[in-house]
There are 2 protein chains.
Amino acid sequence: MPSKPSHITMDAVYTAPGYLFRRMQQIAVSIFVEECSAFDLTPVQYAALVAIHTHPGIDATRLSAVIAFDRSTLGNVIERLESKALIERKPSREDKRVKLLHLTKSGAAVLRDIMPSVERAQLRMLQPLKPADRKTLLALLTQLVDLNNEASRVPLRAEDALEHLGKSN
Amino acid sequence: MPSKPSHITMDAVYTAPGYLFRRMQQIAVSIFVEECSAFDLTPVQYAALVAIHTHPGIDATRLSAVIAFDRSTLGNVIERLESKALIERKPSREDKRVKLLHLTKSGAAVLRDIMPSVERAQLRMLQPLKPADRKTLLALLTQLVDLNNEASRVPLRAEDALEHLGKSN
DNA sequence: CCCATATTGTAAGTATACTGTCAATCATGA
DNA sequence: TCATGATTGACAGTATACTTACAATATGGG
């Protein structure tokens with residue numbers, strides 16, 4: 001319970017949940033990029049591809065709610081995916097502000113082919129733990145992320161994804 | 001066990017450890033920044049301050065090993081801390097390549113004053129879980145980060161911090 | 001119908017987080 | 001000692017991740 005700098009040790013950092021989350025995120029990205037190096041896709045780009053595949057014709061704002069990425073961040077991600085010809089952006093006829101997102105044939109192919117590598121990466125992240133501990137960690141993390149949803153600047157709004165279906169294209 | 005895009009659902013993202021780690025990291029940063037807004041310090045800058053306080057006269061390369069931040073990233077962090085007059089950079093007399101890092105009086109004061117806010121932030125991150133679950137999660141995370149240390153691009157090398165003491169200043 | 005308000009995409013600015021590369025410097029072995 | 005290789009800090013380039021601001025467009029109430 002250090003309260004003066006004179007008493008601070010590195011444990012004040014090493015044992016802090018925030019530090020462990022940051023460290024684990026670094027490690028997870030590193031493993032993902034390594035396993036998926038053949039596809040030149042980052043974790044964020046992969047998640048965006050999955051969401052666009054699952055919700056064809058979604059717009060950028062709704063996409064940001066579905067994967068909980070910041071709208072501004074997502075703009076750049078979409079640009080890169082478009083420049084790699086993995087997705088297409090078409091203006092909506094109903095709302096001139098909106099651009100609808102679709103996978104290209106190439107994008108769908110990449111998504112199909114990358115899956116085994118992604119699975120391998122996800123397994124590797126938890127590999128060092130005993131199987132029972134992996135389940136425990138995942139369960140607690142899922143619970144914590146869900147309960148802390150509103151604490152983040154960009155809360156996950158999975159249900160937002162369905163709205164564009166009602167209004168159709 | 002989806003292997004074709006046609007079978008992919010958003011759960012392929014939501015239940016992946018990598019996604020949960022990213023999400024939790026987003027949330028943790030958000031909570032930290034909110035609790036510590038009065039001090040205008042990011043989590044990374046806080047960790048650097050603690051490490052420089054704990055290892056006065058450390059150089060940037062060793063600092064990067066002690067907090068597991070990339071050397072290039074750390075260069076910018078150090079610049080910002082210096083421009084806020086929280087740390088000082090002095091050339092070493094023994095090795096003309098090296099610049100030694102020290103807290104300023106102002107830096108030490110900020111570090112002392114921010115501690116309660118940091119503690120609050122760390123508590124808030126785990127708040128939604130039952131106390132027993134918090135302990136379990138922290139224990140598993142600590143274990144996993146440690147066992148995956150070498151998988152990250154910038155492994156933690158806590159012991160590196162001691163080297164500069166032997167060679168003194 | 002028109003005005004206030006909200007939404008959408010975009011852009012600029014800051015801060016991590018990594019990849020390279022480079023020059024200056026240091027340390028070592030032949 | 002001197003040439004080789006390693007280390008240090010700096011820089012450029014890419015990719016998240018956030019902030020605020022803004023113009024174009026939509027929507028709703030009066």
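Just so it is clear, the values below take in all heavy atoms, side chains as well, and ignore hydrogens, waters and symmetry mates.
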Closest nucleotide of DNA chain C for B:Arg71 versus for A:Ala60: which of these residues is on the 5' side?
-> A:Ala60

Between A:Asn148 and B:Arg124: side-chain donor-acceptor atoms closer than 3.5 Å | no

Sugar-phosphate, base or nothing in reach of B:Asp95, heavy atoms under 4.0 Å = sugar-phosphate

Contact nearer the 5' end of DNA chain D, comparing B:Asn76 with A:Arg97 = B:Asn76

Hey, does B:Val77 reach any base, or is it just sugar-phosphate, or nothing, if we go heavy atoms under 4.0 Å?
-> sugar-phosphate

Rounded off to whole Å, could you give me the OH-to-C1' distance for the B:Tyr19 and D:dA17 pair?
-> 14 Å

Report the distance from atom OH of A:Tyr46 to atom P of D:dT16, rounded to the nearest whole Å.
-> 15 Å

Along DNA chain D (nearest heavy atom to each residue), the more 5'-positioned of B:Arg89 and A:Ala68 = B:Arg89

Hey, is B:Glu150 close enough to B:Arg157 for a salt bridge, meaning N to O under 4.0 Å?
-> yes

Side-chain N,O (B:Gln26) to OP1/OP2 (D:dT16) below 4.0 Å | no

Heavy atoms under 4.0 Å, any strand shown: does A:Thr42 hit a base, just sugar-phosphate, or nothing?
-> sugar-phosphate

Using atom CD of A:Glu79 as one end and atom C1' of C:dT10 as the other, report the distance to the nearest whole Å.
-> 9 Å

Between D:dG9, D:dA24, D:dT16, which nucleotide gets closest to the side-chain atoms of A:Arg80?
-> D:dT16

Verify whether one side chain among A:Arg80 and A:Ser83 offers a donor that lies under 3.5 Å from an acceptor in the other.
-> no

How long is the line joining NZ of A:Lys96 and P of D:dA24, in whole Å?
-> 13 Å

Distance below 4.0 Å between B:Gln25 side-chain N/O and C:dT16 OP1 or OP2 | no

Please state how far atom CG in B:Asp70 lies from atom C1' in D:dA10, giving the value in whole angstrom units.
-> 13 Å

Nucleotide D:dA15, atom P - distance to CZ of A:Phe32 in whole Å | 14 Å

When you check the phosphate oxygens OP1 and OP2 of C:dT16, does a side-chain N or O of A:Arg23 lie under 4.0 Å from one of them?
-> no

A:Lys84 side chain vs A:Asp40 backbone, donor-acceptor pair below 3.5 Å = yes

Find the distance A:Leu74:CG to C:dT10:C1' and express it as a whole number of Å.
-> 13 Å

Tell me what B:Thr61 touches on the nucleic acid: a base, only sugar-phosphate, or nothing, going by heavy atoms under 4.0 Å.
-> sugar-phosphate

With sugar-phosphate meaning primed atoms plus P, OP1 and OP2, does A:Ser72 contact a base, only sugar-phosphate, or nothing at under 4.0 Å between heavy atoms?
-> base

